[in-house]
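Inspection log for the structure reproduced underneath, given as structure tokens.
Order of the sequence lines sets the chain letters (A, B, ...), proteins ahead of strands, with each chain counted from 1. Remember, it's a predicted structure, so these values are computed and weren't measured experimentally.
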There are 2 protein chains.
Amino acid sequence: MKKKRPTLQDVAERVGVTKMTVSRFIRKPDQVSDSLRDKIQHALDDLGYIPNRAPDILSKSKSHAVGVLLPSLTNQVFAEVIRGIETVLEPEGYQTMLAHFGYSQELEEQRIATLLSYNVDALIISESQHTLKAQKMLENAGIPVIEIMDSTSTSPLNIIGINNSAAAREMTQTMINHGHRNIVYFAARMDERTLQKIAGYKQAMTANGLTAAVKETQSASSFTLGAKFLEEVLSEYPNIDGIFCTNDDLAIGALYACQKKGLRVPEDIGIAGFHGHDIARAMVPLLATVVTPREEMGRLAAQQLLKNIHGEARHASVIELAYEIECGESIRKIQIKKN
Amino acid sequence: MKKKRPTLQDVAERVGVTKMTVSRFIRKPDQVSDSLRDKIQHALDDLGYIPNRAPDILSKSKSHAVGVLLPSLTNQVFAEVIRGIETVLEPEGYQTMLAHFGYSQELEEQRIATLLSYNVDALIISESQHTLKAQKMLENAGIPVIEIMDSTSTSPLNIIGINNSAAAREMTQTMINHGHRNIVYFAARMDERTLQKIAGYKQAMTANGLTAAVKETQSASSFTLGAKFLEEVLSEYPNIDGIFCTNDDLAIGALYACQKKGLRVPEDIGIAGFHGHDIARAMVPLLATVVTPREEMGRLAAQQLLKNIHGEARHASVIELAYEIECGESIRKIQIKKN
DNA sequence: CAAAGTGTTGTTAGCGGTAACATTACCACA
DNA sequence: TGTGGTAATGTTACCGCTAACAACACTTTG
């Protein structure tokens, strides 16, 4: 017995005009005579009319919604990206349609189709290995698409991201400069970005005549995983004197585990993280980390999309954002002069 | 010159049938003759047909999307709630439409209308003070609505949440039991839940003949804010020997600040947080905190909505989830026997 | 005073699917 | 051989809104 939502027709009948007049009142009130305005407004309020976007989406294929497709929501990083996106879209009256695909290519393909089926006006998608069909859908979608996270992606889409391998290389070099030699990389969730970082780490190690070693798992990172890795690595690599983690969670977990075992950071083991979450700047010792512009990435992506939606030229572009090596206390084993 | 997305009509023309046949092929392939199946499938692939939900949404007023309306995305807590929601909705083929309103009642009202204008099939909304109009919209929406976060809400909607004031009262009592007396409450972002917690804290303090004191700010909480509060509070309340924070961020920030100042935790100052993020279980000392079922709250809300959508009776109900007092090292000043 | 505005409201058609009903072709059986 | 059944496909109408055009009642103007 639930009553349906009132339509323009319902409002119009109550006032004694056609729905067209009511429609005009809502969108261009000055085209409606004074005598009707009050009556219509009254009927609108009275019935609790809420516009229905479906017809408009159907006839114009514009939804005023933007699809955001990410591998996972478990990750703090993506939460911040989303925030950046929403910060920009919301004041512009755009709705965010969120989806994730749990790092599965097939699911990603499905999600893309789903988002498109809602007629999203644009798509923000995390860099990843797309299926052929997914790639084709994105190219033929006829809407702006931006791939975020990795500036070195070879995708033909618009790209906004950072150079993960360069960042990892630089941080590894920084650790080496500070006297760390036997640095082990802690990796989790072996996605494209993690692989990039590992590559950068290995480059730096090799360039310095050092041996690279990676501890890895497919599962997601967490504080407790960092602690677990630390336990294991101590027996696997007894000479270890440095740990570079694929993100801050692992690093902080490892750091706490060191504290519990009485290992001094950075004297016995240097520890560095990745992403530069707020906590890295508050903790003791301050965590060395690569500060990445996560929220900014979301903001820029959203801004770019809005421009494209509003008809600005859509030549595929690559925007590489800067990261920052934050040389926190956790790796400052020896003082060095600026190189 | 961008080509429009192909429609069923386009596919049908290529095959030489009507769109109805193609529509049938997609939904009930066994009603289409063998001879056509291959041809249609081919045309579908060839044109890269992607279904369009708009017509269906229009004619059935069902979108297979669920609106999620939260005050903010800055908050880690909400990120986890969202994850819980998505965990349930995504496998069921429901899309999440995310919106936030920055703690503004007017914006909240607008967002509700927007989500409804997309014909969402259900709505999950964070407990908050709604405007009258918002309240009315929610009640008349004709779709399941669940309010989450606070089980003591007086709203007439379905509710899933925890009892924030009871939780705060209990944690305060636990700190008192462990020998803390001059406990100051650190509050941020003075929303309904924070006010509830403060009330619970005050009850416990008063019940024990102690004086309540609250440090507060309208801005969002963060690690650095916790550190800042700690600095200030030391001069404002020289006798302070305990801090109860409205969330873990503040608590951890304060704890680090103590470590930097050489204050011992819990001997000099006991510190407790709220929510029980993963890090609380990894850090040194282990943080006392109220563990709340954030992700579960999202999951349950989503499950309940799905049931309602599928026609199950929709009598307004209140589900109060359990929290857990985690008596971490950070408040264990004196050993006590179990009360 | 007719022609040409002007301001206001109405009418029609269409967006892309699908439910419901109609049609057609073919076959089986009395 | 005609009747009825069935499987495959087609036709029509509708969901709610708005662009485009039409209609009407007044004014204004030459």
For this session: On the 0 to 90° scale, with breaks at 30° and 60°, tag the A/Tyr94-A/His310 ring pair as parallel, tilted or perpendicular.
Result: perpendicular

Distances for protein N/O vs nucleotides 23-25 of chain C N/O pairs under 3.5 angstrom?
none

Problem set entry | Angle by which the axis turns from one end of the helix from C/dC1-D/dG30 to C/dA30-D/dT1 to the other, five pairs per end, to 10 degrees | 70°

Problem set entry | Worked verdict on B/Thr114 versus A/Arg53 for side chain to side chain contact (heavy atoms under 4.5 Å, CB included) | CA-CA 9 Å; B/Thr114 303; A/Arg53 298 207 185 195; 3.5 Å; yes

Exercise. When you measure from the side chain of B/Ser155 to the backbone N and O of B/Leu157, does any donor-acceptor pair fall under 3.5 Å?
Worked result: yes

Problem set entry | A/Thr96 side chain vs A/Leu98 backbone, donor-acceptor pair below 3.5 Å | no

Exercise. Does A/Arg24 reach the main-chain N or O of A/Pro29 with its side chain, forming a donor-acceptor pair under 3.5 Å?
Worked result: no

Exercise. Taking the nucleotide of DNA chain D with the closest heavy atom to each, which residue, B/Asp34 or B/Pro55, is nearer the 5' end?
Worked result: B/Asp34

For this session: Using atom types as modelled and distance alone, determine if a side-chain donor or acceptor of B/Tyr118 lies under 3.5 Å from a backbone N or O of B/Gly67.
Result: no

Exercise. So, B/Gln95 side chain and A/Met97 main chain: donor-acceptor pair closer than 3.5 Å or not?
Worked result: no

Exercise. What is the distance, rounded to the nearest whole Å, between atom CG of B/Asp56 and atom C1' of C/dC15?
Worked result: 14 Å

Problem set entry | SB check B/Lys62 B/Asp56 (cutoff 4.0 Å) | no

Exercise. Would you say the side-chain atoms of B/Ser151 pair up with the backbone N or O of B/Glu320, donor to acceptor, closer than 3.5 Å?
Worked result: no

Exercise. Between atom CG in B/Leu58 and atom C1' in C/dG14, what is the gap in whole Å?
Worked result: 12 Å

For this session: Please list residues of residues 40-52 of chain B whose heavy atoms come under 4.0 Å from any atom in DNA chain D, ordered by number; otherwise none.
Result: none

Exercise. Is A/Asp121 reaching over with its side chain to a backbone N or O of A/His64, donor-acceptor style, under 3.5 angstrom?
Worked result: yes

Problem set entry | Side-chain ion pair, A/Arg193 and A/Asp191, N-O less than 4.0 Å | yes

Seminar exercise, completed: Ordered by number, residues from residues 16-30 of chain A within less than 4.0 Å of DNA chain D (heavy atoms) are A/Lys19, A/Met20, A/Ser23, A/Arg24, A/Arg27

Problem set entry | Donor-acceptor pair, side chain of B/Arg83 and main chain of B/Arg294, under 3.5 angstrom | no

For this session: Using modelled atom types only, decide if a donor and an acceptor are shared between the side chain of B/Ser126 and the backbone of B/Pro71 within a distance under 3.5 Å.
Result: no

For this session: Look at the side chain of A/Ser59 and the backbone N and O of A/Pro55, then say whether any donor-acceptor pair between them is shorter than 3.5 Å.
Result: yes

Seminar exercise, completed: Under a 4.0 Å heavy-atom cutoff, the residues of residues 6-14 of chain A touching DNA chain C are none

Problem set entry | Side-chain ion pair, B/Arg111 and A/Glu90, N-O less than 4.0 Å | yes

For this session: Under the side chain to side chain contact (heavy atoms under 4.5 Å, CB included) rule, what do B/Ile143 and B/Leu116 come out as? Steps first, then yes or no, please.
Result: CA-CA 9 Å; B/Ile143 55 170; B/Leu116 291 177; 3.7 Å; yes

Exercise. Closest heavy-atom contact between B/Leu123 and B/Leu305?
Worked result: O-CD1, 4.0 Å

For this session: Remember a base hit wins even if backbone is also touched, and classify A/Leu36 as base, sugar-phosphate or nothing at under 4.0 Å, heavy atoms.
Result: sugar-phosphate

Problem set entry | Carboxylate-amine/guanidinium proximity below 4.0 Å for A/Asp34 and A/Arg37 | yes

Problem set entry | Contact interval (first through last nucleotide) of DNA chain D with protein chain B, 4.0 Å heavy-atom | D/dA8 to D/dG16

Exercise. Roughly how many Å is it from CD in A/Gln31 to P in C/dT6, rounded to a whole number?
Worked result: 15 Å

